[in-house]
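Counting from 1, the numbers follow the sequence of the chain as shown. Every heavy atom of this structure was used, including side-chain atoms; hydrogens, water molecules and symmetry mates were not.
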Amino acid sequence: MIQSKAKTRGSRARVCFLYIAQTHQILHSLPIAIAMARGWPDIDVEIAATSQEHLDYVRGLLDSLGAPPITSRLLPPTWLRNLRLRDATTPPKALMLAANARRLSRYDAIVTPERTTALLRKLGVKDSLLVYTQHGAGDRGGPFEARLRTFDLVMAAGPKQRDRMIDEGWIAPGACAMVGYPKFDIIDALPPSPLPVFDQARPVVLYNPHFHPTLGSWTRWGRRVLEQFAADQRYNLVFAPHIRLFEGADPKTVEALAPFVDHPRIHIDLGGPAAIDMTYTRAADIYLGDVSSQVYEFLRTPKPCLFLNAEGAAWEGDESFHHWRYGPVLDNVDGLADAVDSARRTHGDYVEIQKRGFAESFDLQETPSSTRAAQAIADRLPKLNRRPK
């Protein structure tokens, strides 16, 4: 058991922003760290990561944004940072948490965009505030689960996410802070990544399948999607799946994409910076996908959407498919380019529901979301530290 550090902590609060999972999650909590470092000089903000790739990405973002000095470090041990289990591209999360539980227990708060960090409670970290920022504002049911109850503070991007977590009993109202979407703050402050260059200007379709083995469309239909756009002259296609879809994939799986790699109308990005920093969702004219939360980032500006029901899900009335109300849903991919044409023509039928869905998903206010999130954490620190009023 890890002994309480509350009596030995200094007068300044220490808050750790922890990164143990895939790179795309960084953009969901790093803007909160920057806002806290700028607006709360009495709090020591620190960043801890489990891979050099993560740390380099973080430091590059901090430099680009002219952020105030923030201490950043790699968590030990080196041999474990270099370990990869099965097809993972990051060190084993649970083992890294176990190896660093005592070190992490010295912080007043640990802020994370992923849920595995809830394990710290079982590893004896009892006095540190655990904060879950989320890493998306989608509808898929998987993120609504029991580990949420472990966190002292769970953030919600908007009323839809907040109400579902509370109504389904995953969190108590007092443990939730609706803060908006901090990722928008950092995206707006950064230049977009370079856009793909196509041989001719055509409307751009973003195909963004999720990694879920049954709800996603890639396993059953993905290659047919690429083949149809390769054969049709009407559209340029950006194939930018959720970065976990090809994470640690067998080389033969990636080699199967070879016929499309140098195609003049197809751009493939399996996990570069542009696949996570909203470059494609901002630039694309049409969204083609299944259950990825990136559709909500795409709908920051209402645009045509088309959804692929590869497994024949009974989706109507199911909140996990709430976003499928924002455009036509296809039960097969025959004549896909024609279906895209139709989605563009009928987009007017979906504009208002897209606007309502975006407003339900993101509670955006004049105060930046990252500042609101930092405030929500700071508001809870005095109680944790038991400091005299």
> Side chains of residues 236-244: which donor-acceptor partners sit under 3.5 Å, not counting sequence neighbours?
unit_1, atom_1, unit_2, atom_2, d
Asn236, OD1, Arg202, NH1, 3.3
Asn236, ND2, Gln200, O, 2.9
His242, ND1, Arg244, N, 3.1

> If you take all heavy atoms of Val179 and Ala373, which pair is closest and at what distance?
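Where Val179 meets Ala373 most closely, the heavy atoms are CG1-CA, 3.8 Å.
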
> Do the side-chain N and O atoms of Thr89 and Glu247 include a donor-acceptor pair separated by under 3.5 angstrom?
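Distance-only check passes for Thr89 and Glu247.
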
> Quick check: closest heavy atoms across Arg103 and Leu75, and the distance to 0.1 Å?
CD-CD2, 4.0 Å

> Using distance alone, with no hydrogens and no angle criterion, decide if Tyr235 and Asp341 have a side-chain donor and acceptor under 3.5 Å apart.
yes

> Decide whether Asp139 and Tyr296 meet the rule of one side-chain donor and one side-chain acceptor closer than 3.5 Å.
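On atom types as modelled, these side chains qualify, holding a pair under 3.5 Å.
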
> Identify whether the distance between the nearest side-chain nitrogen and carboxylate oxygen of Arg372 and Asp185 falls below 4.0 Å.
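Salt bridge absent between Arg372 and Asp185.
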
> Checking Thr367 against Gln365 for the side chain to side chain donor-acceptor pair (under 3.5 Å) test, could you report, in this order, the C-alpha distance in whole Å, the side-chain angles of both residues, the deciding distance, and whether it holds?
CA-CA 5 Å; Thr367 301; Gln365 300 180 9; 5.5 Å; no

> Kindly write out the residues that satisfy ring-ring contact (aromatic ring centres under 6.0 Å, His included) with Tyr350, not counting sequence neighbours, or none if the list is empty.
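Scan of Tyr350 (ring-ring contact (aromatic ring centres under 6.0 Å, His included), adjacent residues dropped) gives none.
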
> Does any non-hydrogen side-chain atom of Arg121 lie less than 4.5 Å from one of Asp152?
yes

> Describe, in one word, how the ring planes of Phe358 and Phe362 are oriented to each other, choosing from parallel (under 30°), tilted (30 to 60°) and perpendicular (over 60°).
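Tilted: the ring planes of Phe358 and Phe362 meet at 30° to 60°.
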
> May I ask you to check whether Tyr287 and Tyr326 place their ring centres under 6.0 Å from each other?
no

> Would you list the pairs meeting side chain to side chain donor-acceptor pair (under 3.5 Å) in which at least one residue belongs to residues 328-340, sequence neighbours left out?
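Found Arg224-Asp334, Arg234-Asp338, Asn309-Asp331.
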
> State, yes or no, whether a side-chain contact exists between Tyr132 and Arg147 at a heavy-atom distance under 4.5 Å.
no

> Tell me if the centroids of the rings in Trp221 and Tyr207 come within less than 6.0 Å of each other.
no

> Can the ring centres of Phe229 and His263 be said to be less than 6.0 Å apart?
no

> Would you say the side-chain atoms of Lys303 pair up with the backbone N or O of His347, donor to acceptor, closer than 3.5 Å?
no

> Less than 4.0 Å between a side-chain N and a carboxylate O, is that true for Asp290 and Arg220?
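No salt bridge links Arg220 with Asp290.
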
> Spell out, as yes or no, whether a donor-acceptor pair under 3.5 Å connects the side chain of Gln161 to the backbone of Gly136.
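A pair under 3.5 Å: yes.
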
> Could you list the donor-acceptor pairs under 3.5 angstrom formed between side-chain atoms of residues 57-70 and any protein atom two or more places apart in sequence or on another chain?
unit_1, atom_1, unit_2, atom_2, d
Arg59, NE, Ser72, OG, 2.8
Arg59, NH2, Ser72, O, 3.0
Arg59, NH2, Ser72, OG, 3.3
Ser64, OG, Gly60, O, 2.9

> For Gln228, check side chain to side chain contact (heavy atoms under 4.5 Å, CB included) against everything at least two apart and list the hits.
Val333, Leu336

> Just so I know, are the side chains of Ile20 and Thr90 near enough to count as touching, which here means a heavy-atom distance under 4.5 Å?
no

> Would you call Arg164-Glu319 a salt bridge at under 4.0 Å N-O?
no

> Let me have the donor-acceptor pairs involving side chains of residues 27-36, under 3.5 Å, with sequence neighbours excluded, atom names and distances please.
unit_1, atom_1, unit_2, atom_2, d
His28, NE2, His135, O, 3.3
Ser29, OG, Tyr19, OH, 2.8

> Determine whether Tyr280 and Pro196 make a side-chain contact, defined as any pair of heavy atoms from C-beta on separated by less than 4.5 Å.
yes

> NZ of Lys183 to OG of Ser370: how many Å apart, nearest 0.5 Å?
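Answer rounded to 0.5 Å: 14.0 Å.
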
> Can you find a side-chain donor-acceptor pair between Ser51 and Glu53 that sits under 3.5 Å?
no

